[in-house]
Amino acid sequence: MLQFIKKTFIHETFESVTFWGVLFFCFMASIASAIFTAMEDLGKVAAIYTAFITFYFVILAIVAQMTKKHQACYSAMCFALNTLILPPMFFICGGLNSGMPFYCITSLLITSLISNFRTRVIMAIYSLILYTSILFYDWYNPELSPPLEPFDTILDQVVSFVFMALLIFTTVSYLLKAYHLERQKKDEVIAKLDYLSTHDPLTGLFNRRIFIERIRNQVLSSPAGYYLLMFDIDYFKQINDTYGHLFGDQVLESIGQLAKNICNREGEMAVRYGGEEFILLICEDNYTSAMAKAEDFRKRVSAIKFEDQPNVSINISGGFIDCYNPNFSNYDKILTVVDERLYTAKSNGRNQIIGKY
């Protein structure tokens, strides 16, 4: 039983939780009506009909459990409430002098939770017209409903009010919780999409798009103090071919983590430019300090050790430039020069950084 409740109210869909929650309260209300009918001796017809309603809810629960068609079962439950159950029960249980008006009002709330918009609107209009007609008809024809003693009237109304108030409170509370959970999930998805739009999913570094925006919007307008290191991993294709792509990803992740650690000043940026190519946007007071930082990074990369491949040594080759250069009027010129220096570093034997010639 506990497993069924846990599965229904935690792991199931909104439609199924709504169905089982509303069905439970309707079932309990039908039992209360059956007990009240028996206590007040309202006749065999009333007793049989309240028993039929209780039995109907049991059958509906079995069908829903077997078919898992909670949306269809919920619509069937609403139709039965508004057509086969509440209208006859209204007159059987005392009409306006009983607690039935509370049930009629609450049935509109239950109807409003039908997931299909067209079905919901049709059922709501139908119910409003039906219950308005019933209320007026009973007001002008009170003899159609059995008379109740004053105490029985207030007792029935109080019990009905409590049941329906609990149903409304529980339903609204669940809807608010479901809304907040859905909003939280949506916010998490949006945050994840925002992150993926600016970051590389493997290394966690900034991606090429956000780097280009940063160069065009900030660095080019105020280039003083900015330095650029573009590097790639020496013989990375051979590493992939020899040790597999999973190990290759491990190498990229390790270098990415090291790049994030070294770009720790405000304004600095570690970027995975594409494949095994990376860029470090360095902020320093002068060229010498920035170049020293780039060389320190290269040495740290060479010192990386891998537990599953202890004999593998990783090296990088890079090009280094000072962004404060009147010749760098646009992004393409910056990338052209730093890429040329990267190519020179590879041509000169790799595992080095080429700055000023």
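Values below: every heavy atom of this structure, side chains too, minus hydrogens, waters and symmetry copies.
Rounded to the nearest 0.5 Å, atoms OG (Ser107) and CZ (Phe102) are 13.5 Å apart. Separation of atoms CG (Leu335) and CD1 (Ile279) is listed at 5.5 Å; rounding is to 0.5 Å. Separation of atoms CG (Leu281) and CD (Gln218) is listed at 8.0 Å; rounding is to 0.5 Å. Atom CG of residue Asn348 and atom OH of residue Tyr343 lie 10.5 Å apart, to the nearest 0.5 angstrom.
No more than 12 heavy atoms of other residues, nucleotides or ligands sit less than 6.0 Å from atom CZ of Phe24. Residue Arg183 places its CZ atom among 12 or fewer non-hydrogen atoms of other residues, nucleotides or ligands, all under 6.0 Å distant. The environment of NZ in Lys346 is crowded: more than 12 heavy-atom neighbours from other residues, nucleotides or ligands sit within 6.0 Å.
Of the N and O atoms on the side chains of Thr153 and Asn97, not one donor lies less than 3.5 Å from an acceptor on the other residue. Side chain to side chain, Asp138 and Ser145 meet the donor-acceptor criterion of an N or O pair below 3.5 Å. A donor and an acceptor atom, one from each side chain of Tyr243 and Gln250, are nowhere located under 3.5 Å apart.
The main-chain N or O of Ile110 is found under 3.5 Å from a side-chain atom of Tyr74 such that the two form a donor-acceptor pair. Side-chain atoms of Ser75 come within 3.5 Å of backbone N or O of Gln71 as a donor-acceptor pair. Put simply, the side chain of Asp200 never gets that close to the backbone of Val271: no donor and acceptor are under 3.5 Å apart.
No side-chain heavy atom of Tyr226 sits less than 4.5 Å from a side-chain heavy atom of Ile215. Contact annotation: the side chain of Lys333 never approaches that of Asn325 to less than 4.5 Å [non-hydrogen atoms, C-beta and beyond]. Inter-residue side-chain proximity for Ile210 and Glu213 is flagged as met; some heavy-atom pair is nearer than 4.5 Å. At a threshold of 4.5 Å between non-hydrogen side-chain atoms, the residues Met291 and Ile353 count as touching. Counting only heavy atoms from C-beta outward, the side chains of Leu252 and Phe236 approach each other to under 4.5 Å.
Between His199 and Tyr195, the ring planes are parallel. Angles under 30° get that label, and only those over 60° would be called perpendicular. In this pair, Tyr126 and Phe79 present their aromatic rings parallel. The plane angle is below 30°, not in the 30 to 60° band.
Linking ILVMFWY residues whenever their side-chain heavy atoms come closer than 4.5 Å, directly or via other members, leaves Val312 and Leu246 in distinct clusters. Hydrophobic cluster membership is shared by Ile316 and Leu202, with clusters built from Ile, Leu, Val, Met, Phe, Trp and Tyr side chains linked at under 4.5 angstrom. At a threshold of 4.5 Å between side-chain heavy atoms, the hydrophobic network of Ile, Leu, Val, Met, Phe, Trp and Tyr places Tyr227 and Tyr273 in two separate groups.
Salt bridge status for Glu188 with Lys185: absent, with no side-chain N to carboxylate O gap under 4.0 Å. No salt bridge links Lys299 with Glu295; every basic N to acidic carboxylate O contact stays at or beyond 4.0 Å.
In this structure, Leu96 and Phe90 approach most closely via the heavy-atom pair N-CZ, 3.8 Å. Taking both residues in full, the closest heavy atoms of Arg272 and Leu205 are given as N-CB, 3.8 Å, listed atom of the first, atom of the second, then distance.
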Can you list the steps and then say if Asn82 with Thr111 is a side chain to side chain donor-acceptor pair (under 3.5 Å)?
CA-CA 9 Å; Asn82 295 319; Thr111 300; 3.0 Å; yes
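Taking the ring centre of Tyr235 as origin, the terminal cationic atom of Arg350 falls inside the region bounded by 6.0 Å and 45° from the ring axis.
Between Tyr287 and Phe320, a ring centre-to-centre spacing shorter than 6.0 Å is recorded.
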